[in-house]
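Here is the structure we will look at, set down as structure tokens.
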Amino acid sequence: MAATPTTLGEWLERAQRAYARHNVALGQVATSAHDEALYLLLRTLDLPLDSKPAVLRRKLTADERARVTEVIRRRTENHVPAAYLTREAFLGEHRFYVDERVIIPRSYFLELLPEQIPQWLPPGKPVKRAVDVCTGSGCLAILLAHQFADAKVDAIELSPDAMAVAKFNVAMHGLGKRVKLFHSDVFDAVPQVKYDLILSNPPYVPTRELRGLPEEFKQEPAMALDGGKDGLDIIRKLLRQARERLQPHGIVVLEVGGLRAAMDAAFPELDLHWLHTEDGEDCVCLVQAVRLKNWRG
């Protein structure tokens with residue numbers, strides 16, 4: 001039997017071996033076992049995430065060894081997502097509270113909101129109203145509020161459990177006066193207003209594909225993932241309702257995972273524009289109000 005690790009670096013190596021042995025799925029918090037395990041160990045030991053490399057030489061006490069043993073076990077043997085173990089997730093510099101009531105924040109909008117998306121809006125005209133549909137933890141509504149400092153932001157969510165988490169995050173970010181939450185199935189229960197920007201990372205996984213997801217992703221709320229038979233149920237409804245919700249210069253921007261071909265086939269008249277992302281996934285599409293208005297869908 002291998003000797004019990006003594007330093008944090010040795011525990012990190014043990015964690016990575018456990019990740020490999022148990023086929024741990026990544027992508028919810030980090031894309032490498034090293035990065036996620038290091039994050040998890042630092043958080044478990046209440047050490048700064050920006051600790052210097054010398055922290056790896058730190059020897060653990062008996063109590064600390066017990067704590068890291070348990071967190072590694074839960075992450076690798078039970079496949080509990082790291083964000084549910086630490087009760088937090090990050091989009092860039094922004095930290096959000098998360099638990100099993102919400103999907104773990106991860107979005108290309110972090111990359112696209114600062115520069116690419118504003119290029120499709122009128123220059124010199126501030127965004128006054130924006131909305132995040134299917135807000136989940138509230139993370140994208142909060143990103144919108146940070147990006148567009150003069151905007152009122154609506155956040156729409158159907159799950160009461162997710163709404164509670166979103167409300168907490170909005171308060172935590174001090175945005176209670178600018179971000180308004182609506183319990184609604186897309187726009188069904190939202191007052192009629194016109195938006196400059198409608199943004200959404202909706203459920204888009206085809207129902208039949210849910211069974212094949214890794215265990216980590218199955219622990220997220222199915223409601224936040226299930227997009228219906230072809231993955232497009234919520235997207236169709238959102239696009240139809242968006243016709244009456246946009247300013248003439250407005251845009252809808254959707255993150256749709258692996259549905260690019262399905263989207264292009266389903267909505268050819270909309271002339272969807274696919275935004276480029278650094279990793280080449282290019283799974284975020286944009287449609288302008290004029291295209292939606294003339295659409296017969």
Side-chain angles (χ1 to χ4, degrees), residues 8-9 11-51 53 55-56 67-113 134-143 146 161-162 165-166 168-169 172-173 201 203-205 210 212-225 255 257-258 277-279 281 283-284:
L8 181 57
W11 278 101
L12 177 58
E13 291 175 6
R14 171 177 278 200
Q16 289 179 86
R17 290 195 296 271
Y19 271 61
R21 190 166 61 252
H22 293 281
N23 296 314
V24 166
L26 299 164
Q28 292 165 307
V29 168
T31 55
S32 80
H34 173 279
D35 291 353
E36 189 189 278
L38 178 58
Y39 158 76
L40 205 49
L41 292 172
L42 290 173
R43 271 291 184 250
T44 302
L45 298 172
D46 298 317
L47 296 170
L49 294 182
D50 59 355
S51 294
V55 76
L56 296 177
R67 283 156 55 195
V68 299
T69 296
E70 177 62 7
V71 81
I72 292 170
R73 185 194 66 77
R74 293 187 66 200
R75 179 66 189 96
T76 61
E77 295 180 24
N78 297 347
H79 293 270
V80 179
Y84 292 161
L85 292 170
T86 62
R87 294 294 192 245
E88 69 177 6
F90 291 86
L91 286 178
E93 65 188 37
H94 302 296
R95 178 181 176 272
F96 303 95
Y97 172 84
V98 297
D99 60 30
E100 290 82 357
R101 292 174 290 178
V102 293
I103 194 170
I104 296 163
R106 49 189 183 273
S107 177
Y108 287 101
F109 285 119
L110 176 68
E111 175 186 339
L112 299 172
L113 264 176
C134 306
T135 197
S137 63
C139 61
L140 296 184
I142 290 165
L143 283 191
H146 285 304
D161 284 343
V165 177
F168 180 87
N169 279 319
M172 185 172 76
H173 282 258
N201 186 358
Y204 55 68
V205 180
L210 291 175
L213 291 176
E215 287 303 313
E216 285 82 354
F217 293 84
K218 288 180 181 177
Q219 296 196 36
E220 295 183 302
M223 182 178 175
L225 300 168
E255 183 170 339
T277 53
E278 288 181 7
D279 64 2
E281 287 295 317
C283 62
V284 176

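Considering CG of Leu110 and OG1 of Thr277, their distance stands at 12.0 Å, rounded to 0.5 Å. To the nearest 0.5 angstrom, Asn78 atom CG is 10.5 Å from Glu215 atom CD. Distance CG/Leu140 to SG/Cys134: 10.5 Å, rounded to 0.5 Å. The CG atom of Asn23 lies 11.0 Å from the OG1 atom of Thr76; values are rounded to the nearest 0.5 Å. Considering CZ of Phe96 and NE2 of His173, their distance stands at 4.5 Å, rounded to 0.5 Å. Between the OH atom of Tyr108 and the CD atom of Glu278 there is a distance of 10.5 Å, given to the nearest 0.5 Å.
Side-chain atoms of Asp35 and Leu38, non-hydrogen and from C-beta on, never get closer than 4.5 Å to each other.
For the side chain to side chain contact (heavy atoms under 4.5 Å, CB included) test, residues two or more places apart in sequence or in another chain that qualify with Glu88 are Tyr39, Arg43, Thr86, Phe90, Arg95. Remark: Glu77 engages no residue in a salt bridge (Lys or Arg N to Asp or Glu O under 4.0 Å) (not counting sequence neighbours).
Looking at Gln28, its side chain never comes within 3.5 Å of a backbone N or O of Ala83 through a donor-acceptor pair.
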> Going through the distances and angles, do Glu70 and Arg75 end up as a salt bridge (charged side-chain N to carboxylate O under 4.0 Å, His left out)?
Replying inline: CA-CA 9 Å; Glu70 177 62 7; Arg75 179 66 189 96; over 6 Å; no

> Given the rule in the ring-ring contact (aromatic ring centres under 6.0 Å, His included) test, do Tyr19 and His34 qualify, once you have shown the distances and angles that lead to the verdict?
Replying inline: CA-CA 9 Å; Tyr19 271 61; His34 173 279; over 10 Å; no

> Val68 and Leu8: side chain to side chain contact (heavy atoms under 4.5 Å, CB included), yes or no, with the steps?
Replying inline: CA-CA 10 Å; Val68 299; Leu8 181 57; 5.7 Å; no

>> Would Asn201 and Val284 count as a side chain to side chain contact (heavy atoms under 4.5 Å, CB included) here? Give the steps.
In response: CA-CA 9 Å; Asn201 186 358; Val284 176; over 6 Å; no

>> side chain to side chain contact (heavy atoms under 4.5 Å, CB included) for Leu225 and Leu213? Distances and angles first, verdict last.
In response: CA-CA 10 Å; Leu225 300 168; Leu213 291 176; 4.0 Å; yes

> Can Ile72 and Leu41 be said to form a side chain to side chain contact (heavy atoms under 4.5 Å, CB included), step by step?
Replying inline: CA-CA 8 Å; Ile72 292 170; Leu41 292 172; 4.2 Å; yes

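Pairing each heavy atom of Ile104 with each of Pro81, the nearest pair is CD1-CB, 3.5 Å. Closest of all the heavy-atom pairs between Leu26 and Thr31 is CD1-O, 3.7 Å. Across every non-hydrogen atom of Arg106 and Glu255, the tightest pair is O-OE2, 4.3 Å. Pairing each heavy atom of Pro221 with each of Ile103, the nearest pair is CD-N, 3.8 Å. Contact record, Leu143 with His94: CD2-CD2, 3.4 Å, taken as the closest heavy-atom pair. Here the shortest heavy-atom pairing between Ala166 and Gly136 reads CB-O, 3.4 Å.
Salt bridge absent: Glu220 and Arg101 never bring a charged side-chain N and a carboxylate O closer than 4.0 Å.
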